[in-house]
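Worksheet for the structure shown next.
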2 protein chains.
Amino acid sequence: MARSQRTFRLKYNEALDFLAAGGRVESISGFARKLAVSRTTARSLIQQLRKRGLLDSDQGPLQRPVHQSDYYPRSQVLETTEILRSAFMNWIIREQLRPGHYVDEAQIATQLQIPMSNVREFLIGLSKFGFFRKHRGREWRVEPITRDFIGQMLNLRRMLEVNSVAPLVGLPHSDPFWPTLQSIRTRHVELLQTVGGETLPFVELDNRFHSLLNSASENRIMQVLQEAVFFIFHFHYRWGSSEEKARNEQAMVEHLQIIDALIERDSDRATSALIAHLSTAQNTLVASLENPSGDIR
Amino acid sequence: MARSQRTFRLKYNEALDFLAAGGRVESISGFARKLAVSRTTARSLIQQLRKRGLLDSDQGPLQRPVHQSDYYPRSQVLETTEILRSAFMNWIIREQLRPGHYVDEAQIATQLQIPMSNVREFLIGLSKFGFFRKHRGREWRVEPITRDFIGQMLNLRRMLEVNSVAPLVGLPHSDPFWPTLQSIRTRHVELLQTVGGETLPFVELDNRFHSLLNSASENRIMQVLQEAVFFIFHFHYRWGSSEEKARNEQAMVEHLQIIDALIERDSDRATSALIAHLSTAQNTLVASLENPSGDIR
DNA sequence: ATGGTGTTTTTTAATCATTAAAGACATTTG
DNA sequence: CAAATGTCTTTAATGATTAAAAAACACCAT
């Protein structure tokens, strides 16, 4: 076969959402515009929708209710980088991926049902940060991370991120930063009220929060290192003991303090809250390294 | 076609060196071991050597003198990453590659006579640092670098590198660091006495010097950022005015001071020399930014 | 003019086929 | 039996190929 039908499937699901919400197909061109695809693709989508009895012509509204089974499964629709990232995240958290292990391009590609070249590119990217090293052929070794490296990285993060807070409060009211910050705030409250400090959603949210701080302040170096920090933190959380959940909750509370200070445009309070937060994180990590439960070296 | 014959050509040249130096082929296996290749490859090398009249059987010494024309040209033998790196270096220095330009994977691959996948991997790597961004398909855009970014990067470099000097003098006498340092020293003296501050060789040497400092001191973050700094400095040198050569010579003199202090295991003197050197570099750069001759923004 | 349609052409991204190179196996030689 | 050899099998890099998706084209209807 040739290239995958990822676009088609992704947009097919989007089309179902659109139709289920009462949307109508007015014209092929309009439909294509709505879904941000070429007419070629829009045309084949409509063809498929007709074949499945969801439409009766090239125009008009839904002909029957949409079932869950009409949708393509999520795994066939996500961006491959997203698939890869969350897969690796999972493996690390479940300790199925540790320093010294070997990973195989072909195996991962098969397992995740994505093209091998994407896996390769993903690993090449991470190898720039020293997390993986090409071993031979299509095999990659998970490299150990030294304490020094982690220490350096966290110091750096603290230094750069703290400096980036002040410019943030100066952003105009219309800047997209603010709504994004709000939505992250909402998510914090939501998580705290439901699953609490559950690792997986927390890690994701934590990453979103810090990414936002860096990207909004045009902190290019930290943007470059963001992916590295992301991975380090995952290795970190892996060592987490039983207090992990409590620690995550504590972190979210600290995030909220920073966020609220930002929303009130209180630069000083935001900065000191951030310093406190990053120090806590760093101390926790150092402590876990002093008394390691993993095989870091 | 299938995969390239880079190994074959590289090893063929090595074999010529070996034979020209009076080496003899005792056995296929031994020959393979000597060249660190499989017997399959050794066999075809010997076959080729016989065809060219350099050997008369599967054993024995050289049958005729080796001419320069017997060797494969250097460009067909180098590691592709080396080819790529020096090609990009050249383009940047000659101002044939500037922010806003577009580069095309296929075109570069054809031009340099290397596989397209290698070009792609190289660009993916650099895109991690924000120097290139995938534009559409196989086209990449050269991204502008902001002054802030450069400033941050150089600050960072200074901070990390200065901290890494002290551990170096503690390295045991047997550490490979010392001979490498010696050879870099020799190269400095050699350059100063011949071409002086000629851009191309200087840049290469400068990079080797700083890489050594970072790798020997296990400064992982800086190792990660080394490639980025390398590129920044190239963009930097591009803006260089007529004093560029003098500036490079000055830098080499400063390098020598650092090197000599290290060789004498004088940590304090090495550190202060390094601080002075990095400050000079940073000041020069800042000055060139204040009064830009390029189109940095 | 504007916005639509069917058809054709071009571009892009994934697989496929092919060959370089390595490795495994059985056998021979000294 | 230790080391070499020829033959055969396996692995992986790379250009060629192919299908998905986009874009261009020619035309039509308002």
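Below, all heavy atoms of this structure are taken into account, side chains as well, without hydrogens, waters or symmetry copies. Within every chain, numbering begins at 1; the chains are lettered A, B, ... in the order of the sequence lines, protein sequences first and strands thereafter.
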What is the nucleic acid contact for Arg43(A), judged by heavy atoms within less than 4.0 Å: base, sugar-phosphate only, or nothing? base

Rounded to the nearest angstrom, tell me the gap between atom CD1 in Ile46(A) and atom P in dG4(C). 12 Å

Please check the phosphate of dT14(D) (OP1 and OP2 only) for any side-chain N or O of Asn118(B) closer than 4.0 Å. yes

Whether over 12 other heavy atoms sit under 6.0 Å from Gln113(B) CD: no

Sugar-phosphate only, base, or nothing, as touched by Asp58(B) at under 4.0 Å among non-hydrogen atoms: nothing

Given dT14(D), dA22(C), dA21(D), the nucleotide with the shortest approach to the side chain of Ser117(B): dT14(D)

I need the residues from residues 26-33 of chain B with at least one non-hydrogen atom less than 4.0 Å from DNA chain D; give them sorted by number, or say none. Ser27(B), Ile28(B), Ser29(B), Arg33(B)

Run the ring-ring contact (aromatic ring centres under 6.0 Å, His included) check on Tyr71(A) and Tyr12(A) step by step: do they pass? CA-CA 8 Å; Tyr71(A) 286 89; Tyr12(A) 187 80; 8.1 Å; no

Rounded distance (Å) that lies between atom C1' of dA20(D) and atom CG of Leu10(A): 14 Å

Could you check whether any side-chain N or O of Asn214(B) sits under 3.5 Å from a backbone N or O of His210(B), counting only pairs where one atom can act as donor and the other as acceptor? yes

If you look at every strand shown and take non-hydrogen atoms under 4.0 Å, does Thr41(B) touch a base, only sugar-phosphate, or nothing? sugar-phosphate

Can you tell me how the ring of Phe31(A) sits relative to the ring of Phe18(A), calling it parallel under 30°, perpendicular over 60° and tilted otherwise? tilted

Counting only heavy atoms from other residues, nucleotides and ligands, does the tally under 6.0 Å from CD of Glu79(B) exceed 12? no

I want to confirm an ordering. Mapping Arg39(A) and Thr80(B) to their closest nucleotides on DNA chain D, which one lands closer to the 5' end? Thr80(B)

With sequence neighbours left out, which residue pairs that include part of residues 29-38 of chain B fulfil the side-chain hydrogen bond (donor to acceptor under 3.5 Å, both in side chains) condition? Ser38(B)-Thr41(B)

Output the rounded distance in Å from CE (Met116(B)) to P (dT12(C)). 11 Å

Are the side chains of Tyr102(A) and Val142(A) in touch, meaning some heavy atoms are under 4.5 Å apart? no

Using a 4.0 Å heavy-atom cut-off, does Ser44(B) contact any base of the nucleic acid, only the sugar-phosphate backbone, or nothing at all? nothing

Taking atom types as they are modelled, is there a donor-acceptor pair under 3.5 Å from the base of dA22(C) to the side chain of Thr40(B)? yes

Using OP1 and OP2 only, check whether a side-chain N or O of Thr7(A) sits under 4.0 Å from dA21(D). yes

